Structure formats: structure tokens, C-alpha cells
Amino acid sequence: MSKPKFYLTTAIAYTSRIPHIGNTYEAVVSDAIARFKRMTGYDVFFLTGTDEHGQKIQQQAIADGLTPKQHVDKIAGEIRRIWDFMNVSYDKFIRTTDKEHMETVQKIFKKLYEQGDIYKSSYEGWYCTPCESFYTETQLAEGKCPDCGSEVQKASEEAYFLKLSNYADQLVKHIEENPNFIWPEARKNEMINNFIKPGLQDLCVSRTSFNWGVPVSFDDKHVVYVWLDALSNYITALGYNPDGQSGELYKKYWPADVHIIGKDIVRFHTIYWPIILMALGEELPKQVFGHPWLLQGKDKMSKSKGNVIYAEDLVNYFGLDAVRYYLLKEMPFAQDGNLTYEHMIGKINSDLANNLGNLVNRTVTMVDKYFGGIVAEPDVKEPIDEELINLALETPDRVEEKMNEYRVADALDEVITLLKRSNKYIDETQPWILAKDDAGKARLKTVLYNLLESIRIASVLLLPFIPDTAVEIQRQINATKTDWNSIKSFDGIIAGSKVNEAKPMFARIDEVKKLAEIHAALELNTPKEEPKVEEKKEEKVEVKPEEDGLITIDDFAKVQLKVATVLECEKVEKSDKLLKLQLLVGEEKRQVVSGIAKTYKPEDLIGKHVILVANLKPVKLRGIESNGMILAASDDETLTLLTPMAEIKSGTDVS
RNA sequence: CGCGGGGUAGAGCAGCCAGGUAGCUCGUCGGGCUCAUAACCCGGAGGUCACAGGUUCAAGUCCUGUCCCCGCAACCA
């Protein structure tokens, strides 16, 4: 009998930085879905991988003194290692630098060109000669190059474009006729109203300004630009071939059942990607699921807040399945989720230690204590049993229902409900009293059997989410039937079998102690590299800390701190937080932009002394050059500038 | 008038589309139990459902207006 197929993909991770926990979430949630589908009888193909081309990567490799290939090999290896470490059960890990992928992308490009969907043109832009880069109007900083500040000239760059307008009507029709195509549904209107209705602009699909990419086969000045390259991974991974000779995997698995992606790239997956496929004459994916973000507390993760969290660190603190559980259980379906250590500890204690762990532990202990570890045949039944049994038998369907809509957190909640009901059942039946006489023991056999069986069902349901733990539970209760069909009836535990020793799986966490431990670890690692959030944003170079987190006086001496006097100060237009300050540092004048406008009014600062980091690399903030930074202390509520306690000359060194 | 999401108990959320007893998880307080990881079970307290109008026998839910918060566009020191 052949199984129905199920093809799912994650977005491919950009290889500019090590992924943080928010990026890792996508891989874990996809994994849970893949495992669940496999368990419920699907022939699953689960694809993930890395996006390795582009100017950013080329530049960063140069900065690190590596070739682009060395750089992406390093990061892609790291990403793959983290996915493995998190127990992500992908079937294939594709890299956009794979030979097969690149060749197929070239063929796709050529085919689209030959049939007129891609055409050669040029776009108007601003060219910076020193940087050899093109910028759009909006990228410019005060009319100058955002990178080096040089004058730019209006120029046009040759480029290939994908004609989107050819397919716009067809796309709208498809979106409207397939209400599940964009998921959750709210995102559908966003796409239609914001992007399709106003009219689609043709998409630029090649670049000449850098060469780390897939070369256009018939025009070697050009490389294929990001989206055509990256999106194609979903079909190149299966051996798609535009000449009609696609591989077996493609024939079997395409179209994708779901692309699981971050909400920020919904647009590319629901507009550009379908159009590319329509142009190729291929089927469209059945669904695109844009999941929300995982935030650190209320904030986005950022290095300046010192709040970047990595999956591996969390696993070190809490254990693998605890982290998987938290990610899956605490991410809402459509809104951004918040991650705090406090919350995480609370969740692990209540759901995993108290509810799940303790239930298994007390049940197995009782089997051991009252029956020498041997599972007895159920004997005396009572009406109260029905409630537990019915719930246990309904739960698989409920979980499946939720999973079909990718409401992973809700699916887990159904399992928790069963666990809670089981704990309640113990109180209702009072096994410790039953154990006192023979009549009670006859009843007790049934009670313990029902508990073990409920636990068995729960453990099977937990396999996709916390696989290691689920297996450990099955080991402890000695369950041999652990497949999906076996939980459709309430008789999978075999009478006469012997349970194994009860071992706590999740220790209760002492919040105060654990937080202290985490903070101590954070202190040591503070200036860790900043990972990027999925967008390809700016990069910063970091000084590597010593192993123990301590620096020497020489390290500190690298930072030149000076007293400076505020000469002028004004608000940066259209900015909430930024002030532009003109400072006097000894004889020298400096312009610094600082994010303190919420606390200080420009006129309050004039004439004040501040502490300036004088040898900070200049940056542009809102297009205004900032040469240094002024020191301020801040917590959640208060921000205050640091200032010398006594009158002292501007330009004085601080050490 | 840029686009979008949101404001419901101390925290996090559901309920709104198809008006009819304000619900869940955590926390908190009290009690019970002793098989178990001081876990488990029961009960209580805690809400002007952002605000103001309107429709209705009836509004968290529908309509109108206002305020506030958060993303992104477009700036983290």
C-alpha cells in the first residue's frame, strides 16, 4: 500500500551569521510537523538548508580574510550541526552552492529568458565609484553613498528582470480560489492589498555589481540575484529539470505541501515564487505558512541589549527536550512569542516536571511498589474510568486536528490536558488506599493499567515534539506498542510485562539558582557575536573576548575615552530616538548621533560635559554620520548620560 | 490621512466572523491528600472586556468615532 506523500520545507538560512534561537525555532517547528506527518502515515520529505550567495557574504568573507566559499562552508556546517543537535530530522540539507542547484538555476534562468519572461533592461540608480556599488534613491544617505559617504552619480546598470505582470491575474485568481494557500489567512489580504493591487513591479533577477552567485550562463557579467536563486532550492533539491527530465523525487514529491517560513518573507513566497513556477509551467505549492517571530521578552534580540539567545546555550541550561518543548508550546500561532528565562523555567517546572514527569514517576513507582513492577490485567472497573479512557482515546484526533492547521502549541496543549486528567484520576481513585486490602487490590490493577495506558498514549503523541523524552517514557513503562494505530484503542500495554525503574526525567528548577547561573554565564560571554535576524542587515566586527571573559588593561586601552563638551544639539528629523550633537573634544569638533532623544531635550544638553568613545569606527545613523558614541547607562525605565563630577577641560582622557 | 497587528484578572492568552452565564494556563491565597520530583487534587480571591457614543429585549462580540501600544516602511548604543 502506498502512503500519501508530504513535502515540507523551511526557509533556507542565510549564511552570514550563526543562527540564534529565533532562527532555530523554524527548524524545530518544521521538524515537529515532519515527525507528526511521518507518524500518521505520510511518506514525508523534509527539506532545509542554507542560502549562501550574495554581496553581503562576499564582503564579509573578505573582511574575515576568507574566500566566500570558505566562509559559507564554515557557517553552513555550523548551521547543519545546530539543526542536528536540535534533533531536526530533515531528509535533505540543500546548499545553494551545491553544483546541482547552481546548474538547475542556470537552466531555469535560461528557459525563462528564452520564453520571454525574463528580459534584459537596465535600472536607474545612483553609482558610487569607490565602492563600485549601486544604490536606490532611498538607500542614499543625505544624497551620498551610505557606505563611504562619497558623491554618487546617476547611472544605469544593466540587469535582467522577471516580468511579473504577465501572471498577476492568474496569481490573484489562485490566491482567491485557494483560501488556504496563504496561511494564516490574515496574511492573504496583506499580500493582495499591499502588493498585488497597487500593481507588481517587475523583479530584478540579476546583478553585475558582485560575482558571488550563480552566473547567468549566457551572459557572464551577471549573476542570478537572490530570490530566483534561493527560492528555486525547493525544486532543485528534488532534481527538478526545466528541460522536462526531472528526477524521481521531483515527480513524487512536488508540489510542496507546505513551505514554512518567517512572516517577513511571506511576500516572496506568495508572489514571486508562484509566478516563477507559473512561468515554468509547474504546479504551485499547496500552502505557505508564515510563522511569527520569537522575541526576547518584549524586545527583538540585539547585541546592544545583550539579549541574544542561542539554542545551544539554552540546551546547556535546560536540556534539549525542555528547549524544544518551550519553543513549540509557547509560540502562539499568529502572534510573536516571547522568550524569557523566568517564563521558561516556569513552563518547564509546571508542564514537564510537575505534570508529565511526576505523573510518570508516581505511576511507575506505584506499579513497582504494589505489584513488584508487574503490570496486572485490569480487573474491577468503575464508571469513573470511562472519563479518562474516553479522553485518552479522543486526544489523538484532537492533536491531529490542531496539527493539520499547524497549531502546534494547541496540539501540545491537548496532550497536557490528558496528563492533567491522569493526575486527577489518581486523586479520584486513591491507589494508596486501594493497596491496603485484597478487594482494593483488584480495583488497583485496573487503576494502574489505565494510568499506564494513558501515559503510553501521551508518550506516542509526544514523539514528534520531544522525541527523546517520549522514548524514555516508553522505556520506563515498558511500552512496546508505540505507533499511531496503537493509540486508537486502549489496550496497548501488555499485562504481565514489567516496568523499568522510575527515573525523574525533568528535575524541578530552582528559579533563583538557575537565573544566577545563567547571569554568571552571560557575564562571561557578553560580547558574543551578533547573529542577524533573518534579514540580511548590517554587519559589525567584534573584538573577541578572552576565554574567561576578562580583558587586560591593554585591551581596555584600545578604547579611547575623552571628555567632550556639547556645543550644539538638535533632533534628527523623523526620528524618535536620535539626537545629532556637535561636540568639542580638545581642539577638535565632532559630530555624534546618539539615541537619547526620549530622555534629553536638545537644549538641556548644550554646554554639558559628556564622555565620548573617541576611536569608534564612524557609522551612519539615519544617513547622518556619527563619529563616536557618548556613554550612557540605561535600564528599562531610565536612561542617563555619564558626566564628570567636577568641571574639567574638554578633551581630557578618561582612563 | 503610509501599511499591518493589538488593548479581556498580577503575567501570558482564548472568546469577536455566525450577539445570549467572561474562560484557559501560570502565579497568588486557603484547604485536602501522602503514591510521587514540597510534586498532585479541590476551592477562593482577583476583570468598568482601552474610552465614548450608537443598534438591540440583550454588546467583550455588530456600527461610528477617539485614545494608547507594537511591528514594518525608516533610525538599536
Side-chain angles (χ1 to χ4, degrees), chain A residues 138-139 141 184-187 189-191 193-195 198 263-264 267 292-293 295 298-307 329-330 332-338 340 342-343 345-347 349-370 409-410 413 416-417 419-435 444 447-448 451 502-509 530 533 535 537-538 540 572-580 592-597 613 616 619-624 626 628-634 639 641:
Chain A
T138 49
Q139 286 174 309
E185 204 182 346
R187 309 234 173 264
N189 303 328
E190 242 176 271
M191 291 304 126
N193 294 336
N194 293 345
F195 299 107
K263 61 181 186 179
D264 59 329
R267 182 174 132 206
W293 289 127
L295 308 178
K298 296 273 181 196
D299 299 317
K300 270 206 208 169
M301 292 187 200
S302 81
K303 189 200 60 182
S304 63
K305 295 194 174 86
N307 66 358
K329 181 66 173 56
E330 287 312 301
F333 173 64
Q335 277 166 264
D336 290 342
N338 305 305
T340 66
E342 289 84 350
H343 193 211
I345 292 167
K347 217 59 207 166
N349 280 344
S350 74
D351 287 0
L352 295 179
N354 296 352
N355 210 329
L356 172 63
N358 187 45
L359 173 66
V360 174
N361 192 249
R362 66 200 298 212
T363 302
V364 173
T365 305
M366 285 192 283
V367 173
D368 201 44
K369 198 161 174 172
Y370 300 142
D410 293 341
D413 208 46
I416 296 292
T417 300
L419 298 172
K420 289 177 81 106
R421 186 66 192 82
S422 303
N423 271 318
K424 187 174 172 180
Y425 179 76
I426 296 180
D427 269 62
E428 288 165 344
T429 55
Q430 298 180 296
W432 51 94
I433 292 178
L434 295 174
L444 183 56
V447 167
L448 291 180
L451 281 169
K503 259 187 6 206
M505 293 171 290
F506 296 96
R508 277 185 63 78
I509 298 168
E530 178 180 21
V533 192
E535 273 295 329
K537 282 200 174 152
E538 61 174 317
K540 287 173 191 169
V572 175
E573 228 175 292
K574 292 186 204 160
S575 150
D576 301 331
K577 298 178 191 165
L578 299 182
L579 289 181
K580 182 165 89 177
V592 170
V593 178
S594 181
I596 54 175
V613 180
L616 197 67
V619 293
K620 296 244 169 167
L621 298 175
R622 272 205 76 79
I624 300 169
S626 179
M629 92 186 212
I630 58 177
L631 296 184
S634 69
L639 181 146
L641 287 172

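Numbers restart at 1 for each chain; the letters A, B, ... are given by sequence-line order, proteins then strands. Keep in mind that what you see is a predicted model, and the values were worked out from it rather than measured.
Here, B:rA58 and B:rG47 have their P atoms 26 Å apart, quoted to the whole Å. For the P atoms, the distance from B:rG2 to B:rU28 is 46 Å, rounded to whole Å. Rounded to whole Å, the P atom of B:rU66 lies 23 Å from the corresponding atom of B:rU56. To the nearest whole angstrom, the two P atoms, one in B:rC16 and one in B:rG23, are 15 Å apart. The same atom, P, is picked in B:rG15 and in B:rC24; the two are 15 Å apart, to the nearest Å. Between B:rG30 and B:rC35, the distance separating the two P atoms is 25 Å to the nearest Å. Atom name C1', nucleotides B:rA77 and B:rA38: the rounded distance is 45 Å, in whole Å. As rounded to the nearest Å, B:rG6 and B:rA45 have C1' atoms that lie 29 Å from one another.
To the nearest angstrom, P of B:rA38 lies 14 Å from CD1 of A:Ile509. The interatomic distance linking A:Ile433 (CD1) with B:rU34 (P) rounds to 6 Å, in whole Å. Rounded to a whole Å, the CD1 atom of A:Ile345 is 13 Å from the P atom of B:rG27. Summarising the geometry, the separation between CH2 on A:Trp432 and P on B:rC40 is reported as 13 Å, rounded to the nearest angstrom. In this structure, A:Leu434 places its CG atom 16 Å from P of B:rC33, rounding to the nearest Å. A straight line from CG of A:Asn354 to P of B:rA38 spans 9 Å, rounded to a whole angstrom.
Pairing each heavy atom of A:Trp432 with each of A:Tyr370, the nearest pair is CA-OH, 3.4 Å. Taking every heavy atom of both residues into account, A:Ile509 and A:Asn349 meet most closely at N-OD1, 2.7 Å.
Annotated stems with RNA chain B as a participant read B:2-7 with B:67-72, B:10-13 with B:23-26, B:28-32 with B:40-44, B:50-54 with B:62-66, given as range with range, by first number; only runs of 3 or more Watson-Crick or G-U pairs under 3.5 Å qualify.
For A:Asn358 and B:rA36, a side-chain-to-base donor-acceptor distance below 3.5 Å is present, hydrogens and geometry of angles not being considered.
Listed by chain and number, the residues in a side chain to side chain contact (heavy atoms under 4.5 Å, CB included) with A:Ser350 amount to none (sequence neighbours excluded). Every residue meeting the side chain to side chain donor-acceptor pair (under 3.5 Å) condition with A:Asp413, not counting sequence neighbours, appears here in chain and number order: A:Lys329. Scanning for salt bridge (charged side-chain N to carboxylate O under 4.0 Å, His left out) contacts around A:Glu342 gives an empty result, with sequence neighbours left out.
Atoms OG1 and OH, from A:Thr363 and A:Tyr425 in turn, are 10.5 Å apart once rounded to the nearest 0.5 Å. Going from atom OG1 of A:Thr429 over to atom NZ of A:Lys424 covers 12.5 Å, rounded to the nearest 0.5 Å. Distance check, rounded to the nearest 0.5 Å: NZ of A:Lys369 to CZ of A:Arg362 gives 12.0 Å. In this structure, CG in A:Asn354 is found 9.0 Å from CG in A:Asn423, a value given to the nearest 0.5 Å.
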Passes side-chain contact (heavy atoms from CB on, under 4.5 Å), A:Leu448 versus A:Leu451? Steps please.
-> CA-CA 5 Å; A:Leu448 291 180; A:Leu451 281 169; 4.2 Å; yes

Start with the C-alpha distance between A:Leu444 and A:Met366, add both sets of side-chain angles, then the distance that settles side-chain contact (heavy atoms from CB on, under 4.5 Å), and finish with yes or no.
-> CA-CA 10 Å; A:Leu444 183 56; A:Met366 285 192 283; 5.8 Å; no

May I have the step-by-step check of side-chain contact (heavy atoms from CB on, under 4.5 Å) for A:Leu419 and A:Asp351, ending in yes or no?
-> CA-CA 9 Å; A:Leu419 298 172; A:Asp351 287 0; over 6 Å; no

Check against side-chain contact (heavy atoms from CB on, under 4.5 Å), A:Asn361 and A:Phe506 | CA-CA 10 Å; A:Asn361 192 249; A:Phe506 296 96; over 6 Å; no

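RNA chain B lies under 4.0 Å from at least one heavy atom of each of the following residues of residues 422-431 of chain A: A:Asn423, A:Lys424, A:Ile426, A:Asp427.
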Give me, pair by pair, the N or O atoms of the protein and of nucleotides 24-26 of chain B that are less than 3.5 Å apart, along with how far apart they are.
| residue | atom | partner | partner atom | Å |
| --- | --- | --- | --- | --- |
| B:rU25 | O2' | A:Lys347 | NZ | 3.2 |
| B:rC26 | OP1 | A:Lys420 | NZ | 3.3 |

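If you check every strand for non-hydrogen atoms under 4.0 Å, A:Tyr370 touches sugar and phosphate atoms only.
When each of A:Met505 and A:Leu419 is assigned the nucleotide of RNA chain B with its nearest heavy atom, A:Met505 is the one assigned upstream, toward the 5' end.
Distances shown here put a side-chain N or O of A:Arg508 below 4.0 Å from the OP1 or OP2 atom of B:rA39.
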